[in-house]
Amino acid sequence: MESYATALLYATPFFIGLVLIEILYGHFVKDQKHNLMDTVSSLSSGLTNVVKDSLGLVLILVSYPFLLDHLALVEIKATWLVWVVAFIALDFAGYWNHRLSHRINFFWNQHVIHHSSEEFNLACALRQPISNLLGYYALLLIPAALLGVPNKVIAILAPIHLFAQFWYHTQHIGKMGILEYVIVTPSQHRVHHAINPEYIDKNLGQIFCVWDRMFGTFQEELDEVPPQYGVLKPANTWNPIIINFQHLWRLVQDAWRTKNYWDKVRIWFMPTGWRPKDVVEKYPVTIIENVYNFRKYQPEASTSLKAYSLFQLSVTTFLMLFMFSNYSEIGFDGLLLFGAFIFIGIYGYTTLMDGKKYAVWIEVVRGIGGLTLIYFTNDWFGMDSYLSMGSFIVALYFLITIFGGIYFTYFEKSFATPDLAS
């Protein structure tokens, strides 16, 4: 996990930098594809994902080394060929994992966060799950295990394969000629993220588009059908932690409410969106009917709240990078506590972005908790060793968090009332 954290230490600023470049490009060509609060939510989602993955918070059902030891029919030495075979095997597994996530109710929960943005840009690529708590992916790598692909090769290529899926989340690149027949392109992935009936559950490939063409899930982007983005059951929140478990909570509620015992069992494995008949009638769920005429989630937000949200995102990113750069020094118990502060922080300020009144209690409690930890340890996870007065700066941040939560919950709204009346 430490090596993964080290990779993220460099990858995170790189991806955020590319998002900023896309924002600047959209500004200069007067074709902006970013909504500030949506982008903050997307980047915050990315932070939760990398923190969770760096801590290894997943129950592994079966590991690739185990499959390799028991299933390998041949042993391939680490030549250039094994890297090619491994990459193709990873992409094949990625296609079927992706297809599983789109077709089965239970697995959709771990993927819905990625589709939850009603915008399509590089930031939404970073909407990755924290709800993928069962590690079954190795089962999809059985072909690689049978061919004896070394575990080290898979371990090196897996993050590369993941990071290579970032670039095509953009609307600023059109169709790419002959490459449309070889790799997944921005045009193809716009189709994948669209909720138009013509596009739903299409283009599930990750790097190569051959799997979609081979298994009947390919759809070209049509000029007469402009993609509309999001999910048919809108998230209606900026909070990525809530989005991660919305679908699962609906499944739990439906399984509890239905009177049919068979439905209580099969709901988890039925096609995405399936619900028991008695539950549908009694507990209807709002679904977008006209994809060209629905209101995007856009709660009222002042300029100061937007600036404050950016401030929180920036500080949270800095704290996470510090955590990654001192992974071994902090120790696992310390990392869990540090990670908890990051998760609670993201939950707090994104709830504040939603305009929820209970956000103030989250912000006040985490602020007091952070100040208490600094008081008793006289440091912030060893930051003073690297940055003079580092813990003092973090303490100041927690004070700002407390007053920010109070201000945006009570004072700014009351100040805005006379203006609304006028």
Side-chain angles (χ1 to χ4, degrees), residues 35-52 55 113 116 126-127 130 235-246 297-323 334-377 379-381 383 389-417:
N35 169 301
L36 189 143
M37 299 300 252
D38 178 84
T39 297
V40 169
S41 177
S42 295
L43 296 178
S44 299
S45 175
L47 298 185
T48 63
N49 169 260
V50 296
V51 169
K52 177 257 180 185
L55 295 176
I113 180 69
S116 59
L126 302 177
R127 290 196 177 216
I130 58 172
N236 289 329
T237 177
W238 298 132
N239 189 323
I241 298 173
I242 290 178
I243 299 171
N244 264 278
F245 298 99
Q246 276 183 333
Y297 182 68
Q298 190 79 33
E300 183 180 351
S302 66
T303 301
S304 55
L305 179 58
K306 291 177 180 178
Y308 180 76
S309 302
L310 278 174
F311 164 75
Q312 285 287 355
L313 173 66
S314 301
V315 174
T316 303
T317 303
F318 169 78
L319 291 174
M320 186 198 72
L321 292 175
F322 172 77
M323 172 182 163
L335 289 169
L336 286 177
L337 182 58
F338 203 136
F341 268 102
I342 290 177
F343 267 74
I344 295 171
I346 290 173
Y347 195 103
Y349 73 74
T350 54
T351 302
L352 198 65
M353 288 161 57
D354 282 332
K356 304 294 185 182
K357 284 194 173 182
Y358 71 87
V360 64
W361 299 108
I362 301 172
E363 295 294 76
V364 169
V365 169
R366 80 170 171 111
I368 293 174
L371 291 171
T372 301
L373 181 63
I374 292 172
Y375 176 79
F376 282 106
T377 63
D379 203 347
W380 178 259
F381 297 95
M383 185 174 287
M389 299 181 68
S391 59
F392 174 80
I393 295 172
V394 177
L396 180 61
Y397 161 70
F398 282 121
L399 284 172
I400 293 172
T401 291
I402 293 171
F403 288 110
I406 294 172
Y407 174 78
F408 288 109
T409 301
Y410 298 111
F411 290 90
E412 185 180 76
K413 289 185 181 296
S414 63
F415 291 157
T417 302

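Given the structure is predicted, the values throughout are model-derived calculations rather than measurements. Numbering starts at 1 and runs along the sequence shown.
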Provide the closest heavy-atom pair for [X] versus [Y] in the form atom of the first, atom of the second, distance.
{"X": "Pro240", "Y": "Ile346", "answer": "CG-CG2, 3.8 Å"}
{"X": "Leu371", "Y": "Ala395", "answer": "CD2-O, 3.4 Å"}
{"X": "Pro299", "Y": "Met353", "answer": "CG-O, 4.1 Å"}
{"X": "Leu335", "Y": "Leu55", "answer": "CB-CD2, 3.6 Å"}

Checklist entry - Between Leu36 and Leu310, is a side-chain contact (heavy atoms from CB on, under 4.5 Å) present by the stated rule, with each step listed? => result CA-CA 9 Å; Leu36 189 143; Leu310 278 174; 3.8 Å; yes
Could you measure the distance from the [atom1] atom of [X] to the [atom2] atom of [Y]? Nearest 0.5 Å is fine.
{"X": "Ile130", "Y": "Ile113", "atom1": "CD1", "atom2": "CD1", "value": "8.0 Å"}
{"X": "Phe322", "Y": "Phe381", "atom1": "CZ", "atom2": "CZ", "value": "9.0 Å"}
{"X": "Ile406", "Y": "Trp361", "atom1": "CD1", "atom2": "CH2", "value": "8.5 Å"}
{"X": "Thr351", "Y": "Tyr358", "atom1": "OG1", "atom2": "OH", "value": "4.0 Å"}
{"X": "Ile242", "Y": "Asn239", "atom1": "CD1", "atom2": "CG", "value": "4.0 Å"}
{"X": "Leu47", "Y": "Thr317", "atom1": "CG", "atom2": "OG1", "value": "4.5 Å"}

Donor-acceptor contact present, side-chain [X] to main-chain [Y], <3.5 Å:
{"X": "Asp379", "Y": "Met383", "answer": "yes"}
{"X": "Glu363", "Y": "Gly404", "answer": "no"}
{"X": "Ser41", "Y": "Trp238", "answer": "yes"}
{"X": "Asp354", "Y": "Thr237", "answer": "no"}

Checklist entry - Taking only residues at least two apart or on different chains, which pairs with a member in residues 390-403 satisfy side chain to side chain donor-acceptor pair (under 3.5 Å)? => result Gln312-Tyr397, Gln312-Thr401, Arg366-Tyr397, Asp384-Ser391
Close side-chain approach of [X] and [Y], heavy atoms under 4.5 Å:
{"X": "Leu337", "Y": "Leu373", "answer": "yes"}
{"X": "Asp38", "Y": "Arg127", "answer": "yes"}
{"X": "Leu305", "Y": "Glu300", "answer": "no"}
{"X": "Phe343", "Y": "Lys52", "answer": "yes"}

Next on the checklist: Does the plane of the ring in Tyr407 sit parallel, tilted or perpendicular to the ring in Phe411? Use 30° and 60° as the thresholds.
Outcome noted: parallel
Next on the checklist: Tell me whether Phe392 at atom CZ has more than 12 heavy atoms from other residues, nucleotides or ligands lying less than 6.0 Å away.
Outcome noted: no
Next on the checklist: Is a donor from one side chain sitting under 3.5 angstrom from an acceptor on the other, for Tyr349 and Ser44?
Outcome noted: yes
Checklist entry - Considering residues at least two apart in sequence or located in another chain, which fulfil the ring pair (Phe, Tyr, Trp, His ring centres under 6.0 Å) criterion with Trp380? => result Phe338, Phe341, Phe398
